[in-house]
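Remarks on the structure that follows.
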Number of protein chains: 2
Amino acid sequence: MNRIAALPQSLTRADEAFDCLQTAIVKGDLAPGEKIGEVELCARFNLTRGPLREALGRLESRGLLVRRPHAGVKVVSVSAEELMELYRIREVMEGLAARQAAERMTDQEIADLQATLDAHETMIEEAHGQAYYQAEGDYDFHHRIATGSRNAKLAQMLLGDLYYMVRMYRYRLSTSSGRPHRALGEHRRIVEAIAQRDGELAEFLMKRHINAARQNIERKITEGEISF
Amino acid sequence: MNRIAALPQSLTRADEAFDCLQTAIVKGDLAPGEKIGEVELCARFNLTRGPLREALGRLESRGLLVRRPHAGVKVVSVSAEELMELYRIREVMEGLAARQAAERMTDQEIADLQATLDAHETMIEEAHGQAYYQAEGDYDFHHRIATGSRNAKLAQMLLGDLYYMVRMYRYRLSTSSGRPHRALGEHRRIVEAIAQRDGELAEFLMKRHINAARQNIERKITEGEISF
DNA sequence: CAGGTCATTATTGTTGACAATAACGGTCGT
DNA sequence: ACGACCGTTATTGTCAACAATAATGACCTG
């Protein structure tokens with residue numbers, strides 16, 4: 001009986017390398033613009049150049065790395081304007097995700113989503129200004145909406161492409177003081193719309209939510225609270 | 001004087017392999033679902049397994065290939081429903097592209113765009129039912145809008161991810177008899193809105209245009225004109 | 001002294017061979 | 001005869017050495 005047993009543990013080295021590199025880039029261990037050599041990376045992650053190169057190719061294809069032939073690779077550095085553009089893309093794509101989620105999520109999934117919001121609320125109260133939990137909670141929320149859309153490609157593009165680039169800046173972009181509570185309220189209203197199976201409303205609210213987040217960051221940039 | 005001279009010709013073998021594989025998949029030379037061995041691919045494109053594997057990784061990361069460890073790679077096969085989902089993503093993303101294009105394209109670019117529409121019109125008249133030119137012209141049109149949005153990531157996602165998957169089916173999806181003319185008319189109205197710098201209208205028209213294309217395909221599928 | 005040219009050198013790109021894993025076919029047992 | 005188990009085999013994953021290219025520094029020249 002060869003049960004589907006499946007996939008969990010058949011990690012190839014290239015996959016490991018890909019994950020390691022990706023998290024390293026997102027967490028900022030590899031600074032944007034930093035020129036990094038292949039051999040140095042090999043030593044750092046204890047693997048050979050073969051799998052590493054494969055992972056590098058994947059990262060480049062996803063836009064987290066830029067690679068000029070014979071000149072090495074460097075972590076992509078996205079300007080403030082480009083970050084704003086990312087949020088504009090998120091706005092329309094997550095709006096679509098919210099609409100489809102309202103139409104397709106199971107009742108159980110919606111209940112779970114509401115439960116996570118409760119958890120986020122307690123996390124925010126306990127955190128008291130520490131924005132870290134809010135960032136994680138926010139990620140969790142949007143992650144569930146994306147998968148709940150039942151649109152495989154949409155989820156892949158959001159989770160696999162956009163979020164990683166946004167998260168690169170989440171780690172140094174502490175959300176402003178009052179924003180976590182406001183964001184949580186916006187999340188609740190979106191889930192409410194989903195629970196009522198009101199796709200149009202869910203889309204509208206999600207777009208406004210992300211637009212608000214974008215404007216929040218834009219304001220901080222113009223106020224010089226953030227360095228690019 | 002080392003002019004920026006630049007990029008055109010520094011193609012690495014992995015890049016070649018990537019392009020070859022991609023076009024082969026899009027043109028249907030590699031049938032969806034077909035299980036293909038690495039060595040066979042090497043012989044087919046005259047290269048070694050190193051660069052090939054690198055290209056394979058990139059293709060997998062873009063969703064054109066699926067690869068199970070130690071089990072080989074196979075071309076992704078997208079169902080009718082998934083194709084519809086792709087069009088829903090296109091709808092919102094290209095809507096955004098059209099809006100930003102209306103705000104950001106130069107007058108010269110708009111003039112060029114109008115000129116290409118004229119060229120498409122003559123092509124359609126000359127083609128007389130041959131849908132091939134329409135498909136190419138349509139691709140050209142959407143390509144220009146995407147780049148005209150001045151949103152690098154948006155253009156990358158549209159041109160690098162979505163279009164290739166859609167084009168996989170363009171080659172066997174001949175557009176219906178009257179559709180080319182209708183599509184051209186829709187294109188003209190979109191460009192008109194862009195020329196008037198009316199972003200909202202351009203977005204609305206583009207979304208409606210893609211929605212119409214989606215419904216057109218959906219109808220053909222339900223009518224059984226198409227095999228999946 | 002400044003600018004350019006050339007050789008050096010380090011890094012990347014590529015290749016072929018080696019090892020590990022999973023699929024496949026045959027055999028055995030029930 | 002059907003099902004499960006096991007050995008074989010082919011394919012994939014990995015590795016280390018080779019070759020080619022571009023960046024770096026010194027040297028020469030105007």
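So that the names make sense, note that chain A is the first sequence line, chain B the second, and so on, each numbered from 1. Quick caveat: nothing in here was measured; it's all calculated off a predicted structure. The figures that follow rest on heavy atoms only: side chains count, while hydrogens, waters and symmetry mates do not.
A side-chain donor-acceptor contact under 3.5 Å links B:E109 to the backbone of B:T106.
Note: NE2 (B:H70) to C1' (D:dT14) measures 10 Å, nearest angstrom. When rounded to the nearest whole Å, the span between CG of A:D15 and P of D:dT12 equals 16 Å. One atom, CD of B:E38, and another, C1' of C:dG16, lie 14 Å apart when rounded to the nearest Å. Taking atom NZ on A:K35 and atom P on C:dT12, their separation rounds to 13 Å, with Å as the unit.
Partners of B:A101 by side chain to side chain contact (heavy atoms under 4.5 Å, CB included), not counting sequence neighbours, listed by chain and number: B:M105, B:I145, B:I194. In this view, A:R90 and A:E94 satisfy the salt bridge (charged side-chain N to carboxylate O under 4.0 Å, His left out) rule, not counting sequence neighbours.
Across A:E60, A:R62, A:Q156, A:R58, a single residue satisfies side-chain hydrogen bond (donor to acceptor under 3.5 Å, both in side chains) together with B:S61, and that is A:R62.
When side chains are defined from C-beta on, A:R167 does not count as touching A:Q22, because their heavy atoms never get closer than 4.5 Å.
Where A:A71 and B:G72 each meet DNA chain D at their nearest nucleotide, the meeting point lying more 5' is that of B:G72.
Atom CZ of A:R214 and atom CG of A:L86 lie 12.0 Å apart (nearest 0.5 Å).
DNA chain D lies under 4.0 Å from at least one heavy atom of each of the following residues of residues 42-68 of chain B: B:R49, B:R53, B:R67.
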